[in-house]
There are 2 protein chains.
Amino acid sequence: MAGAGEDALDGLDARLLLLLSDEPRLGVLECSRRLGVARGTVQARMDRMARRGILRGFPPELDLAAMGYGLTAFAVLEISQGQRAAVSERLAAIDEVCEVHATTGQGDLFVRMVARSNADLQRVIDTVVAVPEVRRTSTSIALSTPVAPRVRPLLERLAAESAPE
Amino acid sequence: MAGAGEDALDGLDARLLLLLSDEPRLGVLECSRRLGVARGTVQARMDRMARRGILRGFPPELDLAAMGYGLTAFAVLEISQGQRAAVSERLAAIDEVCEVHATTGQGDLFVRMVARSNADLQRVIDTVVAVPEVRRTSTSIALSTPVAPRVRPLLERLAAESAPE
DNA sequence: AGAATTGCTGTGCAACATGGTCAGTATTGT
DNA sequence: ACAATACTGACCATGTTGCACAGCAATTCT
């Protein structure tokens with residue numbers, strides 16, 4: 001065995017995930033061909049990663065902008081002490097709220113939301129700040145996204161670390 | 001036709017996307033069965049949404065925490081005027097930087113990053129703030145995620161809007 | 001050392017899904 | 001009334017899936 005942390009991804013796992021990232025609709029068979037391993041191996045790896053919770057599935061990736069929700073905004077909320085759960089719940093009820101994190105530091109909650117237009121965004125922000133336990137908010141609009149959500153570099157590093165024996 | 005905005009998603013599109021969100025590995029045939037339409041119809045809808053850029057694909061969804069990257073942190077960067085591109089480029093070169101947005105408001109760039117441990121996070125943050133054009137930073141650590149990235153509510157609204165004739 | 005375990009390979013098989021095409025039908029637009 | 005568009009239901013050849021099997025190598029246990 002590798003000896004070190006055991007239940008970590010090895011090079012093959014990482015290469016498989018990279019392959020699937022690039023061409024997600026590949027079947028198990030194609031993957032096995034491209035990776036140069038047997039089909040059963042790929043199947044076993046995918047099962048194992050799924051069991052471990054690493055590979056959660058293959059959800060459709062939607063482009064909100066293409067769906068009409070061209071605006072993204074972020075908000076940092078400061079809330080009344082002990083109201084995190086209550087506020088989170090209310091935020092979760094707003095369709096346009098796509099993500100909420102509780103954070104350390106000045107703000108307490110960090111919110112990502114989308115909207116169709118400036119007017120729509122105004123409405124969404126108003127809805128968010130209308131949550132009673134919210135004391136102070138500071139919002140900003142995303143102008144561009146120099147780095148879109150990605151995991152690839154980490155996978156590549158894993159693949160590089162484990163492979164070059 | 002619907003009469004209104006034409007190139008919008010209709011109820012069937014939305015229901016298809018919802019279905020795929022719930023069970024992403026469903027084949028075209030299964031989808032057609034569950035939606036009660038012909039296979040060709042599903043195929044046509046998926047092709048159309050793909051052409052329009054709405055449906056970008058089916059990338060594997062990975063759980064970074066399960067992969068060992070249990071910590072997520074956010075940073076707001078204030079940078080020297082006109083250096084956005086330069087800074088973005090440097091940030092993109094850092095593996096642990098998973099997302100960067102340029103924003104309005106006080107901060108200029110908003111960064112999401114991950115790390116394996118506190119020590120690792122320290123290192124990552126140091127790397128980020130070491131970018132020369134960065135003037136001021138404020139980082140916070142994600143303690144929890146009351147609302148994980150989601151699109152579902154928007155799809156459900158679409159499905160509800162178009163369907164109930 | 002010898003035995004057992006584990007992981008990968010390569011094969012075979014039946015069941016099923018895929019992409020393609022085609023004709024028939026309803027609905028919408030001119 | 002005619003053309004265009006969208007959906008249906010069927011067909012086909014091909015490829016893929018899930019499963020089980022035996023052979024092999026490396027590693028770990030006793």
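First the proteins, then the strands, lettered A, B, ... as listed; each starts at 1. Values in this document were obtained by computation on a predicted structure and should not be read as measured data.
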B/Asp47 atom CG is separated from C/dT21 atom P, nearest whole Å, by 12 Å

From CG of B/Leu29 across to P of C/dT18 the rounded distance in Å is 6 Å

Residue A/Val37, side-chain heavy atoms: nucleotide from C/dG19, C/dT9, D/dT16 that is nearest: C/dT9

So does B/Thr41 get a side-chain nitrogen or oxygen closer than 4.0 Å to the phosphate oxygens (OP1/OP2) of D/dT8? yes

At 4.0 Å (heavy atoms only), tell me whether A/Arg25 reaches a base, stays on the sugar-phosphate, or touches nothing. nothing

Hey, is the main chain of A/Leu9 close enough, under 3.5 Å, to the side chain of A/Asp13 for a donor-acceptor pair? no

Given atom CG of B/Leu12 and atom P of D/dT8, what is their separation to the nearest angstrom? 8 Å

Would you indicate, yes or no, if C/dT11 has its OP1 or OP2 atom less than 4.0 angstrom from a side-chain nitrogen or oxygen of A/Arg39? no

Without decimals, in angstroms, what is the distance between B/Met46 CE and C/dG19 P? 8 Å

Could you say whether B/Gly27 or A/Arg45 is positioned toward the 5' end of DNA chain C, judged by the nucleotide with the nearest heavy atom to each? A/Arg45

Could you check how far CD of A/Glu30 sits from C1' of D/dG15, rounded to whole Å? 10 Å

Backbone of A/Glu133 reached by a side-chain donor or acceptor of A/Ser80 within 3.5 Å: yes

d(CZ, B/Phe58; P, C/dT18) in whole Å: 11 Å

Here the distance between atom P of D/dC7 and atom CG of B/Leu35, to the nearest Å, is 12 Å

Is the centre of the B/Phe110 ring less than 6.0 Å from the centre of the A/Phe110 ring? yes

For a quick test of reading the model: is some side-chain N or O of A/Gln43 closer than 4.0 Å to OP1 or OP2 of D/dG18? yes

Write down the distance between CZ (A/Arg15) and P (C/dC8), rounded to a whole number of angstrom. 12 Å

With A/Glu78, the salt bridge (Lys or Arg N to Asp or Glu O under 4.0 Å) member among A/Arg84, A/Arg135, A/Arg136: A/Arg136

With respect to the side chain of A/Ala38, which nucleotide from C/dT9, C/dA17, C/dG19 is positioned closest? C/dT9

Distance-only, no hydrogens or angles: does the B/Asp95 side chain make a donor-acceptor pair with backbone N or O of A/Leu154 under 3.5 Å? no

